[in-house]
K.L.:
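Here you go, one structure.
Throughout, a chain's letter reflects where its sequence line sits, starting with A, and its residues are numbered from 1. Because only heavy atoms are used, hydrogens play no part in the values below, and waters and symmetry mates are left out as well, while side chains stay in. This is a predicted model, so every value here is computed, not measured.
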There are 2 protein chains.
Amino acid sequence: MSTPSPHHKPVTLHDVAKVAGVSLITASRALSNPGVVSDKTIAKVREAVEATGYIPNLLAGGLKSKRSRMVAAIVPALSVSQFLPTVQTLTSALAAGGYQVIVGQTNYDAEREEAVLNTMISRQPDGIVMTGLVQSQKARERLVRSGIPVVETWDLSDRPVDMVIGFSHLKVGGAVGGYFLSRGWKKVGVATGSDHRAMLRREGFLATLGRSDVPTAVVPAPSSLALGRRALAELLDQEPGLEAVCCSSDTLAHGVLVEAQARGLRVPEDLAVVGFGNAEFGAHMVPSITTVHVDGPGIGSLAAQLILARCNGETVEQPIVDLGFRLIERRSTSVDAA
Amino acid sequence: MSTPSPHHKPVTLHDVAKVAGVSLITASRALSNPGVVSDKTIAKVREAVEATGYIPNLLAGGLKSKRSRMVAAIVPALSVSQFLPTVQTLTSALAAGGYQVIVGQTNYDAEREEAVLNTMISRQPDGIVMTGLVQSQKARERLVRSGIPVVETWDLSDRPVDMVIGFSHLKVGGAVGGYFLSRGWKKVGVATGSDHRAMLRREGFLATLGRSDVPTAVVPAPSSLALGRRALAELLDQEPGLEAVCCSSDTLAHGVLVEAQARGLRVPEDLAVVGFGNAEFGAHMVPSITTVHVDGPGIGSLAAQLILARCNGETVEQPIVDLGFRLIERRSTSVDAA
DNA sequence: CTGTTAGCGCCTTCAC
DNA sequence: GTGAAGGCGCTAACAG
């Protein structure tokens, strides 16, 4: 049985100061700004901290200093593996600077996004990192008014709320389309998640192909292997002679691969497959998956850098950063690939 | 160029109260405890909130009320996909109750764990959810003293810091060992991550087999497809006639499957493979992966429930919850499986 | 149902 | 280098 514990009256800085025989404020400075305190005093305070088991209360500190040392990270869902490297790197980079990450999940829903952002703002974060652009106009205004540094990521915009680090999904789609053209595939299909960015990539893909009649299987985001299998099944229903599939994620591509294998289709000989995201598994599968590489960790660490800079009152000269992308050709589209 | 924005002097509850023509505390109650305020007043306050664009400051509220409405979630690394469903469910369940999650990453390191826990405590979270048991003894003591509700998960212990929700890794290993015995495999191997819980499962596996000479490939956590491939290569070096492999995760099992395929070994005819965790992809691959199912989302939602209960001053009657596990037989070990 | 009073624990501002 | 006030924005506790 586990009961609410009796309050050990919590140790405050006041107690530490008393034990150390200095004033409250001196104790405070010894801990957070040691440069202006004598070494002897610092030692005394440190001892008192040990003796009392003092742990600072960042809520109180944040209230006065207006720096909560928290950064909000907003993702569609934590399980969208696409964003994990970004969030992981962001979390690590910020932790190294004494900042923690609060996570919010929008479920790809603009209304939830707005609600989540409001809750986040009420925690006074020193920065907000979004995966994707802010959808709701109301939320944009609120964010601007709040004065909190905001980094939108995994996309690009001429007019970000504040800063943006990403790449053009239209161009990604275009690059894949160009690759399809260069390979001369005619009977092609698209397997895509229903989220906005995946749809943008599809748009770029179609524009480059110069076609609008391409068989498409749209599956609900987030994607999964099972959905990838289903998508290929749908595409083959629409176009039995399918030569190549463009997928909105490596996970979907994996599912397409499995479904192809289950139907006795050889990849790439009978069916070529392209993914997106350069997930770890894609490089090591047989066949390895041709994909579009995006620097997820780079986005996370750069976002941390920009936020930290702004927290220190610095001006960010390049608030719009295009990290680009890179098509990686592997065996799922070419028997000759590395 | 993005510069630190000019401070729009932030709107406080004081401003709202003035606009609404009520006292500060009435405004406060209208928002956070509407039951005790007249409907007319509530309406006035709501209007004033709209008009001013007020967003509450939870730091200040938390300071006074001693409820930060934050819960810390500590994981080895965000990218360990094993824990994602737990963290995702936890986050959603808590968000529904007005709580946010702060994440900390330990990198499977006891020292970092201690540091992370200290930082977390200093944020006054209303609860702490650990994946795994708390390693450091110092951290345990601090946690107990802090009085914060703590849920350790994904493991079991007679003497948790506070509460624990999970299952026995020894028993999981034992169950897999029993399955191996029942199938009569003699030339077996273990592919395992280097983390503590994976090692416990291996121990249980060996104990049930009654052997200590089983070829083992230990790969650094967190696991990946590439590491799974490497592990099988190592095992085949040690035991060319390998009949079956016990893997510490479905990801490793996937890698083993790929490596087997690359070497022309048929699964399960030439080599049987068992994973752990029941990842989404395992059920849908060809062959599907025999695995041990653990209720990750259940752990997350139950953890949220217990913490919320304790936040409301309730007593948790069952602070030690064994959620058990279930071996799921699929095609990677049996051509007859579903 | 509403208001007054008194802080929460710490840090900024100013003196010494 | 140190200290004494004052207040960050909000909410318990008690009055009316």
Side-chain angles (χ1 to χ4, degrees), chain A residues 7-45 48-49 52-70 98 121-126 146-147 313, chain B residues 7-45 48-49 52-70 98 121-126 146-147 313:
Chain A
H7 320 69
H8 295 252
K9 187 153 153 287
V11 179
T12 74
L13 193 53
H14 185 81
D15 304 318
V16 174
K18 244 186 340 203
V19 170
V22 297
S23 79
L24 182 66
I25 183 59
T26 302
S28 169
R29 282 197 278 247
L31 296 177
S32 51
N33 194 4
V36 301
V37 178
S38 78
D39 290 356
K40 228 177 14 189
T41 309
I42 292 178
K44 275 193 300 186
V45 172
V49 167
T52 54
Y54 170 70
I55 295 187
N57 181 334
L58 282 184
L59 285 192
L63 179 57
K64 183 68 195 179
S65 65
K66 310 233 164 258
R67 313 184 91 218
S68 63
R69 300 194 154 271
M70 297 193 295
I121 292 176
S122 68
R123 297 213 173 273
Q124 318 287 118
D126 295 337
S146 74
Chain B
H7 323 66
H8 296 252
K9 187 153 154 282
V11 179
T12 74
L13 193 53
H14 185 81
D15 304 317
V16 174
K18 246 188 335 206
V19 171
V22 298
S23 78
L24 185 63
I25 184 63
T26 301
S28 168
R29 283 196 279 246
L31 296 177
S32 50
N33 195 4
V36 300
V37 178
S38 77
D39 291 355
K40 225 174 19 186
T41 309
I42 292 178
K44 276 194 297 185
V45 173
V49 167
T52 54
Y54 170 70
I55 295 188
N57 180 335
L58 282 184
L59 286 192
L63 180 57
K64 181 69 192 178
S65 66
K66 309 236 167 256
R67 313 184 90 217
S68 62
R69 300 193 154 271
M70 296 192 296
I121 292 176
S122 69
R123 298 211 175 272
Q124 319 288 118
D126 295 336
S146 76

K.L.:
Once rounded to the nearest 0.5 Å, what's the spacing between atom OH of Tyr54(A) and atom CG of Leu13(A)?
P.N.:
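So the gap between those two atoms works out to 4.0 Å.
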K.L.:
Using a cut-off of 4.0 Å on non-hydrogen atoms, how would the nucleic acid contact of Leu63(A) be classed: base, sugar-phosphate, or nothing?
P.N.:
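Here Leu63(A) touches the bases of the nucleic acid.
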K.L.:
Using a cut-off of less than 4.0 Å, is there contact between a side-chain N or O of Lys64(B) and OP1 or OP2 of dG9(C)?
P.N.:
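Negative; the distance criterion is not met.
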K.L.:
Taking atom P of dC8(C) as reference, at what distance in whole Å does atom CG of Leu59(A) sit?
P.N.:
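Value for this atom pair: 15 Å.
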K.L.:
For Lys44(A) and Lys40(A): C-alpha separation, side-chain torsions, deciding distance, then whether side-chain contact (heavy atoms from CB on, under 4.5 Å) applies.
P.N.:
CA-CA 6 Å; Lys44(A) 275 193 300 186; Lys40(A) 228 177 14 189; 5.6 Å; no
K.L.:
Go nucleotide by nucleotide along DNA chain C from the 5' end; which of Arg29(A) and Pro56(A) gets its closest nucleotide reached first?
P.N.:
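Mapping each residue to its closest nucleotide by heavy atoms, the 5'-most match is Pro56(A).
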K.L.:
Return the value, rounded to whole Å, for the distance between atom CD1 of Ile42(A) and atom P of dG1(D).
P.N.:
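For the pair Ile42(A) CD1 and dG1(D) P, the rounded distance is 10 Å.
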K.L.:
Look at Ser28(B) and dT11(D) and indicate whether a side-chain polar atom (N or O) is within less than 4.0 Å of OP1 or OP2.
P.N.:
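For Ser28(B), the contact criterion (side-chain N or O under 4.0 Å from OP1 or OP2 of dT11(D)) is met.
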K.L.:
Return all side-chain donor-acceptor pairs below 3.5 angstrom for residues 27-39 of chain B, not counting sequence neighbours, or 'none' if the list is empty.
P.N.:
{"unit_1": "Ser32(B)", "atom_1": "OG", "unit_2": "Ser28(B)", "atom_2": "O", "d": "2.9"}
{"unit_1": "Ser38(B)", "atom_1": "OG", "unit_2": "Thr41(B)", "atom_2": "N", "d": "3.3"}
{"unit_1": "Ser38(B)", "atom_1": "OG", "unit_2": "Thr41(B)", "atom_2": "OG1", "d": "2.7"}

K.L.:
State whether Thr41(B) places a side-chain N or O below 4.0 Å from either non-bridging phosphate oxygen (OP1 or OP2) of dC1(C).
P.N.:
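False: Thr41(B) side-chain N/O out of range (4.0 Å or more) of dC1(C) OP1/OP2.
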K.L.:
Hey, could you give me the CG/CG distance between Leu59(A) and Leu63(B), rounded to the nearest 0.5 Å?
P.N.:
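Going from the CG atom of Leu59(A) to the CG atom of Leu63(B) covers 6.5 Å.
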K.L.:
Rounded to whole angstroms, how far apart are CD on Gln124(B) and P on dC10(C)?
P.N.:
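Taking atom P of dC10(C) as the reference, CD of Gln124(B) is at 8 Å.
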K.L.:
Would you please test Val16(B) and Val45(B) for side-chain contact (heavy atoms from CB on, under 4.5 Å) and show each step?
P.N.:
CA-CA 7 Å; Val16(B) 174; Val45(B) 173; 4.2 Å; yes
K.L.:
For Arg69(A) and dC11(C), what is the distance between atoms CZ and C1' respectively, to the nearest whole Å?
P.N.:
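Interatomic distance, CZ of Arg69(A) to C1' of dC11(C): 13 Å.
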K.L.:
Would you compute the distance between atom OG of Ser23(B) and atom NE2 of His14(B) and round it to the nearest 0.5 angstrom?
P.N.:
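Going from OG on Ser23(B) over to NE2 on His14(B), the span is 11.0 Å.
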K.L.:
Hey, what do you get for OG1 (Thr12(A)) to CD1 (Ile55(A)), rounding to the nearest 0.5 Å?
P.N.:
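These two atoms lie 13.0 Å from each other.
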K.L.:
Got a donor-acceptor contact below 3.5 angstrom from the Ser68(B) side chain to the Gln124(B) backbone?
P.N.:
yes
K.L.:
Can you check whether Thr12(B) has a side-chain N or O nearer than 4.0 Å to OP1 or OP2 of dG9(D)?
P.N.:
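So the side chain of Thr12(B) is outside the cut-off, no N or O lying under 4.0 Å from OP1 or OP2 of dG9(D).
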K.L.:
Please report the end-to-end axis angle for the helix from dC1(C)-dG16(D) to dC16(C)-dG1(D), five pairs per end, rounded to 10 degrees.
P.N.:
30°
K.L.:
Check the phosphate of dC11(C) against Lys66(A), side-chain N and O only, distance under 4.0 Å to OP1 or OP2. Yes or no?
P.N.:
no
K.L.:
Looking at DNA chain D, which of residues 14-26 of chain B put a heavy atom within less than 4.0 Å of it?
P.N.:
Leu24(B), Ile25(B)
K.L.:
For Val36(B), report the nucleic acid contact type (base, sugar-phosphate, nothing); a contact means any heavy atom under 4.0 Å.
P.N.:
base
K.L.:
Taking the side chain of Ser65(A) as heavy atoms from C-beta outward, which of dT12(C), dC10(C), dC10(D) is closest to it?
P.N.:
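Within the option list, the nearest is dT12(C).
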K.L.:
In this structure, how many angstroms lie between the C1' atom of dT2(C) and the NZ atom of Lys44(B), rounded?
P.N.:
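From Lys44(B) NZ to dT2(C) C1': 10 Å.
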K.L.:
Can you tell me how far P of dG9(D) sits from CD1 of Ile55(B), to the nearest Å?
P.N.:
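Taking atom P of dG9(D) as the reference, CD1 of Ile55(B) is at 14 Å.
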